[in-house]
Amino acid sequence: MGRPEDHAAPDPYAPPVPARELTAVSADGARLHVEVHGPVDDPAAPAVVLAHGWTCSTAFWAAQIRDLAADHRVIAYDQRGHGRSPASRRYGTDVLADDLEAVLAATLAPGEKTVIAGHSMGGMTVMAAARRPGFQEHAAAVLLCSTGSSRLVARSSVIPIRAGLPRTWLTRRVLGSRTPLGPVTPLARRILKYATMGPGSAPHMVEACARIVHACPRRVRHAWSQVLDRLDLDDHVRQLTVPVAVVAGTADRLTPPGHARALAAALPDCLGLTEFPGLGHMTPVEAPGLVTGKIRELVTGHVPGRLTGHVPGHVPSQATGHVPDQATGHVLGQVTGRGRAHEQHDGTGTREGA
């Protein structure tokens, strides 16, 4: 008889083992670590692409990967300098767009459609790529999680004082710090939870995020902080013409929900804005089931049921590689969108109104 711990449920935030690992090569020669999970050789399995945020890695999407890989080809990659993707001398929104295009070319067949989910800087990656041919070729729909398009430092409420020049200056100093984060200590967990997560976040969620964020090299953290400080993708948002769903936490201090509301108002085809009361910036970790559900909705509504032109086992020319259960959550939420029905989720059913 096995020990009780042998039968314990797997940690939903433990990074799953990919079915295939690839190296995508970006426009400037930068190499990007890419993972493909799920039925990689099944041409009927729809593809989902996951782009993580600042100081994170593919491990950030562990809960989504674990769920979606049952019936999707899930593609996750490390932004340059993060996770297993080497750092480079180039940083900027054009680079983010280049890298996403490279990942799409390396993992999808010509013309193959996918849902792309971007969290924080991953969402900004999607905005930056809106006008790119490679993005337009493959993107069927997008999920933007906890992100914004401009004025990130000025609108951040991480520093608990009134908005204005002093708060902006302090925020810039804190987020752009070159100081090593060091080991994950109880104090480090408290700071990270305050800055990035809702007050009700469970300890195992905080621990998962802390491990990921503290693993980011400080030089990379600083270099990308400078890009985020200068970010202005407002024009790109207006050119993101595919259907887009937006989610945000009402307790997000890094990208307060005003960013999400501005995105929903500016997007040409916004499917709706979902605000999760009490959640912070790390929505895919804090409400994994809800975020995964949004991705599934987009796949069902916008990706053809059967893919064409995909050759099982085929790896496009710009990639090199080798072949080496679900987290759930429920939060009271509200969905709004232009031309869409209003929905109120209260745990007992869904009520719809005009």
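Here, residue 1 is the first one in the sequence, and each next residue gets the next number. Quick caveat, the model's predicted, so the values are computed rather than measured.
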Query raised in the report: Are Arg20 and Asp41 within salt-bridge range, i.e. N to O under 4.0 Å?
Result: yes

Query raised in the report: Should we say atom CD1 of Ile161 is surrounded by more than 12 heavy atoms from elsewhere, each under 6.0 Å from it?
Result: yes

Query raised in the report: Around atom CZ of Arg131, are there more than 12 heavy atoms of other residues, nucleotides or ligands at under 6.0 Å?
Result: yes

**Report entry** Test of ring centre spacing under 6.0 Å for His119 and Phe60
**Finding:** yes

**Report entry** Single-linkage hydrophobic cluster, 4.5 Å side-chain cutoff, Val303 and Leu143 together
**Finding:** yes

Query raised in the report: By side-chain contact (heavy atoms from CB on, under 4.5 Å), which residues pair with Ser88, not counting sequence neighbours?
Result: Arg80, Arg90

Query raised in the report: Between Glu137 and Lys113, is the closest basic N to carboxylate O distance under 4.0 Å?
Result: no

Query - Contact summary for Ala45 and Asp71, nearest pair of heavy atoms - result: CB-O, 4.1 Å

Query raised in the report: Taking it one step at a time, do Asp252 and Arg155 satisfy salt bridge (charged side-chain N to carboxylate O under 4.0 Å, His left out)?
Result: CA-CA 11 Å; Asp252 188 342; Arg155 293 180 177 177; over 6 Å; no

Query raised in the report: Would Arg89 and Asp28 pass as an ion pair if we require N to O under 4.0 Å?
Result: no

**Report entry** More than 12 heavy atoms of other groups within 6.0 Å of Arg173 CZ
**Finding:** no

Report task. Indicate, with yes or no, if Val184 and Trp54 share a hydrophobic cluster defined by side-chain heavy-atom contacts under 4.5 Å among Ile, Leu, Val, Met, Phe, Trp and Tyr. Result -> no

Report task. Report yes or no: does Ser120 contribute a side-chain atom to a donor-acceptor pair with the main-chain N or O of Gly122 at less than 3.5 Å? Result -> no

Query raised in the report: Between Ser26 and Asp99, do the side chains contain an N or O donor and an N or O acceptor separated by less than 3.5 Å?
Result: yes

Query raised in the report: Do you know which of Val244, Leu263, Val246 makes side-chain contact (heavy atoms from CB on, under 4.5 Å) with Cys270?
Result: Val246

Query raised in the report: Should Trp169 and Ile159 be counted in the same cluster of Ile, Leu, Val, Met, Phe, Trp and Tyr side chains packed under 4.5 Å apart?
Result: yes

Query raised in the report: Among side-chain atoms of His222 and Ser177, is any donor-acceptor pair under 3.5 angstrom?
Result: no

Query raised in the report: Have Arg73 and His37 got a donor and an acceptor in their side chains that come within less than 3.5 Å?
Result: no

Query raised in the report: Is a salt bridge present between Asp67 and Arg296, judged by a nitrogen-to-oxygen distance below 4.0 Å?
Result: yes

Requested in this report: Measure up the Tyr91 and Trp224 rings against each other and bin them: parallel (under 30°), tilted (30 to 60°), perpendicular (over 60°).
Outcome: perpendicular

**Report entry** Single-linkage hydrophobic cluster Val220~Val227, side-chain heavy atoms < 4.5 angstrom
**Finding:** yes

Report task. Establish whether Val213 and Met205 are linked, either directly or via other cluster members, by ILVMFWY side-chain heavy-atom contacts under 4.5 Å. Result -> yes

